[in-house]
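In the text below, chain A, chain B and the rest are named by the order of the sequence lines, each starting its count at 1.
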Amino acid sequence: MRLVRVALAMPLMHYFDYLIEPSAALDIGSRVVVPFGRQKRIAIVVEFPAQSDVAPQQLKRIISVLDATSVFSDELYALLKWSAGYYQTGLGEVLFQALPVKLRQGETAQSAVDAVWKILPQGKIALAQGELTRAKKQQQALQQLAEAAENGVLQREAEFSRAIYKALLEKKWIAEQHLFAQPEVWQTALQQHNWLNQQDKLRLNKQQALAVSAVCVSHGFQCWLLDGVTGSGKTEVYLHLMEHVLQQGKQVLLLIPEIGLTPQIVRHVENRFKLPIDVLHSNLTDSQRLLAWQRAKSGESAVVIGTRSALFTQFQDLGLIILDEEHDLSYKQQDSGWRHHARDLAVMRAKNNHIPLVLGSATPSLESLANVASGKYRHLVLNQRAMNSAVLNHKLLDLKKQRVDRGLSEQLIALMQQHLSKGNQVMLFLNRRGFAPILLCHECGWIAQCEQCDRPFTYHKKNNILSCHHCDRKTKVPRQCAVCGSTHLVTSGMGTEQLEAVLAEKFPDYGIARIDRDSTARKGALEASLAQITTKQSRILIGTQMLAKGHHFPDVTLVAMVNIDGALFSQDFRSEERLAQLYVQVAGRAGRGSKSGEVVLQTHFPQHPLLQTLLTQGYSAFAQQALQLRQTMGLPPFSAQALFRAKSKSNESAVEYLTALAAFFDDFCRKNAIQGLQLLGPIEALQTKKAGQYQWHLLLQHSSRAVLQHCLAQFSLRRHELNLNRYTRCILDVDPQDFN
DNA sequence: AGCACGCCGACT
DNA sequence: GTCGGCGTGCTC
């Protein structure tokens, strides 16, 4: 008997050992079915150990082997294994998350085009002995299969119904045999020249051409930051690069933040290349996903377009990875145990494959800009707007110095009037759903709060409910104050729902469209709103960040951010960066056509230095200044962080847990003479209480990523020695992107 | 993560 | 008297 070590889909840094007969064909990365407790589970082989720590009599035997060879390419397996170490996650969780759901459930990895039937020896015997006299059809089918076997023919037309074969299958006289498709080779189409839509191709300007040739000329791995302002033609650069790579018969992976919000780029690719393109969007069925996975792996797809998880697609011959909107937060997995960053993993994957990676953005993350400065990435700048768009004016409206009616300054109202009367559209951004973020008692100041989160409820007027935006709990609106019994309850603050009402009152002659999570919850509602905007039935558009992505509305000439103060003074050190990115994106919505546009920001703090730099000198100047600030503060990207997020029903146990962790790191550094590891906390999370659990954080920071990694790895090895309390759930977030 | 075992409240 | 709530502990 041979030992097999397997990983299971569990948040455990632990493997399990099983036995198998030595003759069985399987490899590291093969899926197997194992008995686990009293259940049957799918596991992935990670090792063939010489011996086991588990007593021999406790070892169970593997039930069956699903794959004779690994379901992962060597290159992908190496990436995932490295990633499990980097993010301190169990390998099982990582491997399973990187597989399509159907494969996690045990489906065949190869694409079976057809199932054919094959007669078994027992079947032949049964036939010879003349059984089945009472089942004519079954006998005929069996006879036919026997003849086919004799003639060495694999497949015979299935003339009989499935039920007939099923009956024979149940008697164990026949077996199902899968026929595997020979992959269609798209590369043959390259000779015919019509694979490329030449009419669609745009002429590149000098900068674009330079960018394309720089990438095409380079060899092996290189990470490029394509830093292009809105409208500078990043997409055309992508398409030219893809053409170059496809021409060589190699595949391309294009990652985008969210397909639903940016369907244009998919259309562009599909229009340009008459080659097999697979788009992995969120409403594919599991079977469709598996099919796409198989097609990419066998080399049948020329291009794969998808979101974060598409990074784990396998290829026959991958030649290029493009990751669009590289600054976008959605590339970081935030909710599962394996909190990976697709951008960072894409860098590793490109490196392992010796291919170029292009990161594109109009507002690159400070991390990527720092990598450019250090020479790790190479910079490609596109700062000419390819479209003849007019100049953009910006204004800061100081809320302190003027009359403000429910969040809207007189100046803003006047500006809106101006733009609307010229027949244009106006767009307002407010990052708060609902009618009002607070409902309070006018007599005593009591605030209606969610007991689960200790956060004020948001009042939704339309449904007349209170909703907690942290845990999604909903309750009825109270008639009375819970403390003094007064019925005089009032709202405070402003959400998009109220903004819509206020504007309807002030501008009764113009249609209003609101786009946020509430207004687009109904299926098709988003499309309907977008249609109203395009046909100009709606002239005033209100939305949260959702509205900022993708969509191009040529008649929008005024864009306003209704309140940016929250972002200027946030606990999160990345909030200014995010505000700047949102500002640029939002500004890109104004005046994209021939009309000149205007962007206004309402704030109580117009003097804020980063804000000033952003508005007067643009995003790159802002980024340089913000980077300097990060450097003096020792914050990322000038240090590496790891965040322990502890959750518990009581504050005490969470604090105790994190204190023990802090003590471990303290002790570990002292004993090993490691200097400069900063331990911040335990501190309460920004969202102290969520869904009835108290949340506390312990932040680790070190100027060297390698040192921090070393500390974390040692911690994982010795975690079990620490006797941590069981009342606390704690997850580790390496390179945290938010502190909620 | 699942799943079972186990110990306390509201029901035929 | 049971059904079922979720706390705790284990799975090679």
Whole angstrom is fine here: how far is it from OH in A:Y18 over to P in C:dT11?
10 Å

Starting from P on C:dC6, measure out to OH on A:Y727 and report it in whole angstrom.
19 Å

Specify the separation, in whole Å, of atom CZ of A:R104 and atom P of B:dG2.
12 Å

A:E93 atom CD is separated from C:dT11 atom P, nearest whole Å, by 20 Å

Interatomic distance, A:L8 CG vs B:dG2 P [rounded to whole Å]:
11 Å

Would you kindly say whether A:S70 and A:S30 are connected by a side-chain donor-acceptor distance under 3.5 Å?
no

Just to be sure I understand the rule, does A:R38 reach a base, reach only the sugar-phosphate, or reach nothing, if contact means heavy atoms closer than 4.0 Å?
sugar-phosphate

Between A:H14 (NE2) and C:dG9 (C1'), how many Å, whole number?
14 Å

Quick one: which of C:dC12, B:dC3, B:dA1 gets closest to the side chain of A:Q39?
B:dC3

From the set C:dC12, B:dC3, C:dG7, return the single nucleotide nearest to any side-chain atom of A:K649.
C:dG7

Please step through side-chain contact (heavy atoms from CB on, under 4.5 Å) for the pair A:Q737 and A:R574, ending with a clear verdict.
CA-CA 8 Å; A:Q737 296 294 310; A:R574 270 185 254 259; 3.9 Å; yes

Return the nearest nucleotide to the side chain of A:R729; candidates are B:dA1, C:dT11, B:dG2.
B:dA1

By the 4.0 Å heavy-atom rule, please label A:F36 as base, sugar-phosphate, or nothing.
base

What nucleotide, of B:dG2, B:dA1, C:dC12, holds the atom closest to the side chain of A:M10?
B:dA1

I'd like to check the salt bridge (charged side-chain N to carboxylate O under 4.0 Å, His left out) partners of A:R705; sequence neighbours left out, ordered by chain and number.
A:D735

Closest nucleotide among C:dC12, C:dT11, B:dG2 to the A:L12 side chain
C:dT11

Test: ring pair (Phe, Tyr, Trp, His ring centres under 6.0 Å). Region: residues 21-70 of chain A. Which pairs qualify, not counting sequence neighbours?
A:F16-A:F36

